[in-house]
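Below is one structure, written out as structure tokens; comments come after it.
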Amino acid sequence: MEYVIEMNHITKQFGEFKANDDITLRVKKGEIHALLGENGAGKSTLMSVLFGLYQPEQGQIKINGKEVKINNPNDANALGIGMVHQHFKLVHNFTVLESIVLGRETTKGGVLKMENARKKVMELSERYKFKIDPDAYISDITVGMQQRVEILKMLYCDNDILIFDEPTAVLTPQEIHELMKVMKQLVEEGKSIIFITHKLNEIKEVADRCSVLRKGKYIGTIEVADTSKEEMSEMMVGRKVNFIIDKKESNPGDAILEVKNMTIKSKHGKDAVKDVSFEVRKGEIVTIAGIDGNGQSELVYGITGMMPIDEGQIFLKGKDITHESIRKKCLDGMAHIPEDRHKDGLVLDYNLQENLVLQTYFTERFQKHGFLKFDAIRKYAEELIKKFDIRSGQGADSVVRGMSGGNQQKAIIARELDRNPEIVIAVQPVRGLDVGAIEYIHKQLIAQRDAGKAVLLVSLELDEVMNVSDRILVMYEGEIVADVNPKEVTTEELGLYMAGAKRSVNHGV
């Protein structure tokens, strides 16, 4: 059998920790090969070995039957391997065109020659219906667009083996559908794709075969068409996973959070949030649904104090907190699981125990006369690590940057929920997480609701919106265009509200 890639018996260690323990992966030419596993299962590490970012301690790599040594990404590129990383590696103050040709520039007499590059990029963009603006700056385009730029970068280099690392974590349902079409088109043109994901629906939709990793070990390779989602999730997690979210009827009480007539102007002149009013009551989960970029982020920034609001008021348990500091809002009972866990949720170069007390280190429990009580902090961190099952190489001393995305997210959730808040504001809390972690986080949010707390969830995942919510608010272009009950609305209808094609009558619009 002719394989384009053979990774035989790969072992990659970080200190004592084996991220990849004797893994063998074989990819056929012209197939979409899914790589499935929980967060921290070793998927990205294995692909980083293939892409030359890491050197394995043991094992060999063959490309098209020949053994190769990949010392760095330039070697990988020379062998026709390209990679779209989970956290995009783009230069924010470059244009789209500059980002695509970076490292592959044509110069004449020391001057950049962009005409041919522009022509090739525009041809590729047309061919895959990417509709990009080559002169837009990376900092001004949406995440979905940034991802298209990453894909064009690979295609511009004429790579034949394409690695997509969690490519759908940041996309809307419509963008995901488009990406799947592009992947199928690439394979028809003779390229081979490795698709790292933990979304079983997507594997069922596009992949031919799927290899499963669990805790750094290879579990097996299956034919996707012959395997059910339940079987795949059991291979991945090592136990049966409940896809149906267990929750009893909600029994809402008084309003905990009230937002009245909030308006936030955006950098580009038009309002990012336009005259929005709603409330979240005790014992209910209210979800804000919508396509990314319709004002959800700004709304949350306004409520939590990360951005000033231009008009309107915010009340927490009847108290006006509109102009309070972020620390004061936290002390009043607001918890925030932010959209960008790296930028707003964690200090990546601090260790785990330091991150777990970021909002409480100044309390008497953790400091005396301005000096931190390190023993108390460690003891508390170890309790949370156990209670919330946060896994990392060195426990409380692990530097957070080196932890997997799912465990970084668990650390934020542990820190926020353990403060016993009145309201939990959770923005895309399961973005980029696997089924085991998703099931766990949803249980935590439902437990908050059942304990009589209020939960405001912002989500782009329609499954999550339909399953977890007690009430759904849809945002479109900065306004709330629908207030619906998940039991009475279909996903198709929600999609129409999200696209601005429909407004609900009961929302006074």
Side-chain angles (χ1 to χ4, degrees), residues 14-19 21 36-45 166 169 198-200 212-217 219 233-247 335-338 341-342 345-346 348 350-360 377-421 424 426 428-451 453 455 457 464 468:
F14 298 99
E16 293 297 293
F17 175 65
K18 282 189 179 174
D21 186 355
L36 174 66
E38 290 187 279
N39 291 96
K43 307 181 298 290
S44 295
T45 305
E166 302 279 358
H198 36 232
K199 294 187 180 174
L200 301 165
V212 183
L213 304 185
R214 185 163 80 232
K215 294 186 179 165
K217 286 185 161 49
I219 302 298
S233 72
E234 202 172 328
M235 279 177 82
M236 162 165 120
V237 187
R239 61 178 171 84
K240 286 198 171 4
V241 173
N242 188 3
F243 284 99
I244 309 301
I245 291 176
D246 238 359
K247 70 185 221 299
H336 178 205
I337 299 163
R341 52 180 170 252
H342 287 174
L346 298 161
L348 291 175
Y350 279 15
N351 65 25
L352 182 52
Q353 62 183 1
E354 290 161 346
N355 273 284
L356 290 173
V357 294
L358 282 180
Q359 268 138 330
T360 44
I377 291 173
R378 172 172 290 272
K379 188 164 171 282
Y380 173 68
E382 282 168 354
E383 281 165 20
L384 285 195
I385 288 168
K386 199 164 164 201
K387 183 172 162 191
F388 288 85
D389 187 26
I390 307 168
R391 298 179 196 173
S392 59
Q394 279 99 36
D397 294 318
S398 303
V399 175
V400 169
R401 186 184 291 283
M403 287 166 51
S404 75
N407 285 302
Q408 289 176 348
Q409 191 72 346
K410 280 184 179 177
I412 296 173
I413 286 167
R415 179 183 70 211
E416 297 301 316
L417 300 191
D418 201 65
R419 292 189 291 118
N420 196 20
V424 179
Q428 295 183 54
V430 300
R431 171 186 267 184
L433 302 189
D434 57 71
V435 286
I438 290 171
E439 182 189 39
Y440 174 85
I441 286 165
H442 286 161
K443 274 185 182 155
Q444 296 291 337
L445 293 177
I446 291 163
Q448 289 292 312
R449 176 200 87 159
D450 293 346
K453 310 295 186 187
V455 178
L457 173 66
E464 178 176 49
V468 182

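Residue numbers start at 1 and run along the sequence shown. It should be emphasised that the depicted structure is a prediction, and the values quoted were computed from it without experimental measurement.
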- Can you list the residues that meet the salt bridge (charged side-chain N to carboxylate O under 4.0 Å, His left out) rule with K379, with sequence neighbours excluded? E383
- Query: Would you say Q428 and E464 make side-chain contact, with heavy atoms under 4.5 Å?
  - Reply: no
- Item | ring-ring contact (aromatic ring centres under 6.0 Å, His included) partners of residues 380-411, not counting sequence neighbours, each pair once | F366-Y380
- Item | Non-hydrogen atoms of S398 and S392 that approach each other most closely | OG-OG, 2.9 Å
- Message: Quick one, L36 and L200 - any side-chain contact, counting heavy atoms below 4.5 Å?
- Response: yes
- Message: Any heavy-atom pair between the side chains of R391 and S404 that's under 4.5 Å?
- Response: no
- Pairing residues for R415 by the side-chain hydrogen bond (donor to acceptor under 3.5 Å, both in side chains) criterion, not counting sequence neighbours: Q359
- Nearest heavy-atom neighbours spanning Q409 and R341: OE1-CD, 3.3 Å
- Message: Under the rule for side-chain hydrogen bond (donor to acceptor under 3.5 Å, both in side chains), what residues qualify as partners of K217, not counting sequence neighbours?
- Response: D21
- Item | Atom pair CG (L352) and CD (E382), whose distance is rounded to the nearest 0.5 Å | 10.0 Å
- All salt bridge (charged side-chain N to carboxylate O under 4.0 Å, His left out) counterparts of K443, not counting sequence neighbours: none
- Query: What is the minimum heavy-atom distance between I412 and P338, and which atoms define it?
  - Reply: CG2-CD, 4.0 Å
- Which is it for R449 and V424 under the side-chain contact (heavy atoms from CB on, under 4.5 Å) test, yes or no, and what are the steps along the way? CA-CA 9 Å; R449 176 200 87 159; V424 179; over 6 Å; no
- Note on the structure: Taking every heavy atom of A414 against every heavy atom of L356, the minimum-distance pair comes out as CB-CD2, 4.4 Å
- Mind checking what makes side chain to side chain contact (heavy atoms under 4.5 Å, CB included) contact with D397, not counting sequence neighbours? N351, Q353, R378, Q394
- Do T360 and R419 touch side chain to side chain, with heavy atoms closer than 4.5 Å? yes
- Note on the structure: For K18, the salt bridge (charged side-chain N to carboxylate O under 4.0 Å, His left out) test, sequence neighbours excluded, returns none
- Message: So E166 and S44, do their side chains get closer than 4.5 Å, heavy atoms only?
- Response: no
- Item | Residues forming a salt bridge (charged side-chain N to carboxylate O under 4.0 Å, His left out) with K410, sequence neighbours excluded | D389
- Partners passing side chain to side chain contact (heavy atoms under 4.5 Å, CB included) against A41 (at least two apart in sequence or in another chain): L213
- Can you name the residues that form a side-chain hydrogen bond (donor to acceptor under 3.5 Å, both in side chains) with K43, not counting sequence neighbours? none
- Looking only at heavy atoms, the pair that brings L445 and P429 closest together is CD1-CG, 4.2 Å
- Hey, does the side chain of Q408 reach the backbone of V400 with a donor-acceptor pair shorter than 3.5 angstrom? yes
- Query: Who passes side-chain hydrogen bond (donor to acceptor under 3.5 Å, both in side chains) against T45, sequence neighbours left out?
  - Reply: none
- Message: How about OH on Y440, more than 12 heavy atoms from neighbouring residues, nucleotides or ligands closer than 6.0 Å, or not?
- Response: yes
- Message: Pair M403, I390 - check side-chain contact (heavy atoms from CB on, under 4.5 Å), show working.
- Response: CA-CA 10 Å; M403 287 166 51; I390 307 168; 3.8 Å; yes
- With sequence neighbours left out, what residues match F14 under ring-ring contact (aromatic ring centres under 6.0 Å, His included)? Y54
